[in-house]
Amino acid sequence: MIETDVLVIGGGPAGSSAAKHAALGGAKVILLDKRSEIGAPKRCAEGVSKKGLAKLGIEPSPRWITKEIDGVRLTSPDGTDVWLTEEEIELPEAGYILERKVFDKHMAMDAARAGAEIRIKTLATGMDKIEDGFIVSTESMGKTEEIKAKIVIAADGPEGHVARWAGLKGSAKAKEMESGVQYEMVNVEFDREAVIEFYFGSCAPGGYVWIFPKGDDIANVGLAILQHKATKPAIEYLDDFIAKCPATKNAQAVELNVGGDPVGGMPKKMYDDNILVCGDAAGQVNPLTGGGIISGMTGGMYAGQVAAEAIKEGDHSKKFLKKYDKITRDDLSHEIDKYKKVQEYMLTLSDEELDNIAHAFQDVNFEKISTTELVKALVKVSPKALLKLGKFI
Ligand SMILES: Cc1cc2nc3c(=O)[nH]c(=O)nc-3n(C[C@H](O)[C@H](O)[C@H](O)COP(=O)(O)OP(=O)(O)OC[C@H]3O[C@@H](n4cnc5c(N)ncnc54)[C@H](O)[C@@H]3O)c2cc1C
């Protein structure tokens, strides 16, 4: 039987971050992923903030950045646009559109460089608790193997099973799992080519439509919806939008991506004896935007660091591992809770109310562009927003 200190299940951004930091902390680490190519197929619009990468100490690389973004377009149901671009305002924070299949692989390479052993095309099929650890069953190219680990880090994404195998709750209730669907498209006609576009209202019940440019005439065009707010499948909303939107009506898809996005926030417990849970598997996602790359990698980083400390101390108990839960909540909870409230408020808005907000936004003088600043502006123009969100801003 193979033995390791730390076994990370899932080689997405959260798992690679966990594996890298556990290895940097001196632990013997195995990172496994069921896919034959880490990062592919992507299930993501690939937007990431510069500030988020900097916080994680990740140097931006032209290998995995497809486009630098310098603005945002928000469009309400009646077609009213709010443009927030460098031409109009000073941008303290802007973002990148990644090539996730390259980015994810590079994050795994960083974990390997830090000393983690990577096993691709290796599916974790089950897990048994032993006195001080877990025995994880794996299957790779028809071969089964068992791995004994002192600490398991569950980073197996939104539909992950590993936390449940250990008796913990999964990332989100069905009601709080957004259904995402997206095409990567060519022949997209942009009004402004370095701007990310968001469309709100009944075009995507419970979520929004996005167009994220990837250079030239290429973009990720997708949407996320809450199924209980919708009257048809996500793909039908997307096809309807694409047929009507001037930017996409002549575009063609070269890739289809589908995936769940857990927007219900973090579960009550992300640790137990010999186990930590991070990334989408632990609901480490912004409930308003659905973004989970940076927050998942942040959770992964803390999980890796605490796991390495636990190995050094020889204490893999929940009492020790609780530290991960505390550090992660101290860092992520405030934002997640705040944006959960904003998301809940957005869910109450009719198309007409969204139009009224967009009309009022046209007269707002934005000094900075960030989600927080947008929410501050929302509170100023909408009495309902002030009532529901005032104390969170
Ligand atoms: C349509 C859509 C658009 C999105 N757009 C954005 C965006 O623009 N920006 C942003 O920040 N976030 C976005 N997100 C969210 C983002 O993709 C996730 O938050 C992020 O990928 C989470 O990383 P993770 O490592 O936790 O999970 P994942 O990236 O899902 O990785 C989990 C890994 O675990 C592996 N795995 C699962 N089970 C097993 C098993 N039993 N054995 C072995 N391996 C296993 C999987 O193969 C996978 O590689 C989007 C999500 C969706 C669905």
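Everything numeric here is computed off the predicted structure, so don't read it as measured data. Note: hydrogens, waters and symmetry copies are ignored here, and every other heavy atom, side chains too, is used. For the single chain, residues carry numbers from 1 onward in sequence order. Counting starts at 1 for both ligands and their atoms, in listed order.
- Contacts between K34 and ligand 1, counted as non-hydrogen atom pairs separated by less than 4.0 Å, involve both the backbone and the side chain.
- The shortest N or O to N or O distance between R35 and ligand 1 is below 3.5 Å.
- Heavy-atom proximity to P158, at under 4.0 Å, picks out these atoms of ligand 1: 30 (O).
- Every residue two or more places apart in sequence or in another chain that forms a ring pair (Phe, Tyr, Trp, His ring centres under 6.0 Å) with F103 is listed here: W64.
- The backbone N or O of K28 sits less than 3.5 Å from a side-chain atom of D5, completing a donor-acceptor pair.
- Judged by the 6.0 Å distance and 45° axis criteria, K318 is not positioned over the aromatic ring of F320.
- Note on ring orientation: taking the six-membered ring where Trp is involved, the planes of F198 and F200 are parallel (angle under 30°, cut-offs 30° and 60°).
- Considering NE2 of H359 and CG of D355, their distance stands at 5.0 Å, rounded to 0.5 Å.
- Contacts with ligand 1 closer than 4.0 Å are made by no heavy atom of V48, backbone or side chain.
- The contact set between ligand 1 and P13, taken as ligand atoms under 4.0 Å from a residue heavy atom, comprises 23 (O), 25 (O), 29 (O).
- Atom CG of D104 and atom NE2 of H106 lie 10.5 Å apart (nearest 0.5 Å).
- For a threshold of 3.5 Å applied to N or O pairs, the pair formed by I293 and ligand 1 contains at least one separation below that value.
- Nearest protein heavy-atom contact of atom 6 (C) of ligand 1 is C44 SG, 3.3 Å.
- Counting only heavy atoms of the protein, atom 34 (O) of ligand 1 lies nearest to G10 CA, 3.2 Å.
- Of all the listed residues (G292, G52, S17, A124), A124 holds the heavy atom that lies closest to atom 40 (C) of ligand 1.
- Residue D104 has no nitrogen or oxygen atom sitting less than 3.5 Å from a nitrogen or oxygen atom of ligand 1, judged on distance alone.
- Heavy-atom separations between G260 and ligand 1 include at least one value shorter than 4.0 Å.
- Residue-ligand proximity, G279 to ligand 1, at heavy-atom distances under 4.0 Å covers atoms 26 (O).
- Ligand 1 places these atoms under 4.0 Å from at least one heavy atom of L32: 43 (C).
- Residues I311 and I275 do not share a hydrophobic cluster, clusters being chains of Ile/Leu/Val/Met/Phe/Trp/Tyr side chains in contact below 4.5 Å.
- The protein heavy atom nearest to atom 15 (C) of ligand 1 is G290 O, 3.5 Å.
- One distance of note links CG of L223 with CG of L238; it measures 4.5 Å at 0.5 Å rounding.
- Residue, atom and distance of the protein heavy atom nearest to atom 25 (O) of ligand 1 are A14 N, 3.0 Å.
- Using a 4.0 Å cut-off between charged nitrogen and carboxylate oxygen, E309 and K312 do not count as a salt-bridge pair.
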| said: Test side chain to side chain contact (heavy atoms under 4.5 Å, CB included) on R43 and D280; report intermediate values, then the result. | reply: CA-CA 12 Å; R43 298 200 301 179; D280 271 22; over 6 Å; no
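- Comparing heavy-atom distances from atom 29 (O) of ligand 1 across R43, M177, R100, M297 singles out R100 as nearest.
- Test K105, R100, K101 against E37 for salt bridge (charged side-chain N to carboxylate O under 4.0 Å, His left out) and you get one pass: K105.
- Not a single heavy atom of N220 sits less than 4.0 Å from an atom of ligand 1.
- By the 4.0 Å N-to-carboxylate-O rule, D337 lies too far from K340 to be salt-bridged with it.
- A 4.5 Å side-chain heavy-atom check between I69 and I97 finds at least one atom pair inside the cut-off.
- When A282, A45, G291 are checked for heavy-atom proximity to atom 5 (N) of ligand 1, A45 turns out nearest.
- Here the heavy atom of the protein found nearest to atom 33 (C) of ligand 1 is D33 OD2, 3.5 Å.
- Nearest protein heavy-atom neighbour of atom 22 (C) of ligand 1: D280 OD1, 3.2 Å.
- Note that the CG atom of D351 and the SG atom of C203 stand 7.5 Å from one another [nearest 0.5 Å].
- With a heavy-atom cut-off of 4.0 Å, E46 touches ligand 1 through its backbone alone.
- The distance criterion of under 3.5 Å between nitrogen or oxygen atoms is not met by W165 with respect to ligand 1.
- Of the polar atoms of F212, none of the N or O atoms is found under 3.5 Å from an N or O of ligand 1, judged by distance alone.
- For atom 32 (C) of ligand 1, the nearest protein heavy atom (residue, atom name, distance) is A155 O, 3.5 Å.
- A salt bridge links D331 to K55: one of the charged nitrogens lies within less than 4.0 Å of a carboxylate oxygen.
- Residues D330 and K326 are paired through a salt bridge, judged by an N-O separation under 4.0 Å between the basic side chain and the carboxylate.
- When A40, G11, G47 are checked for heavy-atom proximity to atom 9 (N) of ligand 1, G47 turns out nearest.
- With a 4.0 Å cut-off on non-hydrogen atoms, A224 does not touch ligand 1 at all.
- G157 CA, 3.6 Å is the protein heavy atom nearest to atom 27 (O) of ligand 1.
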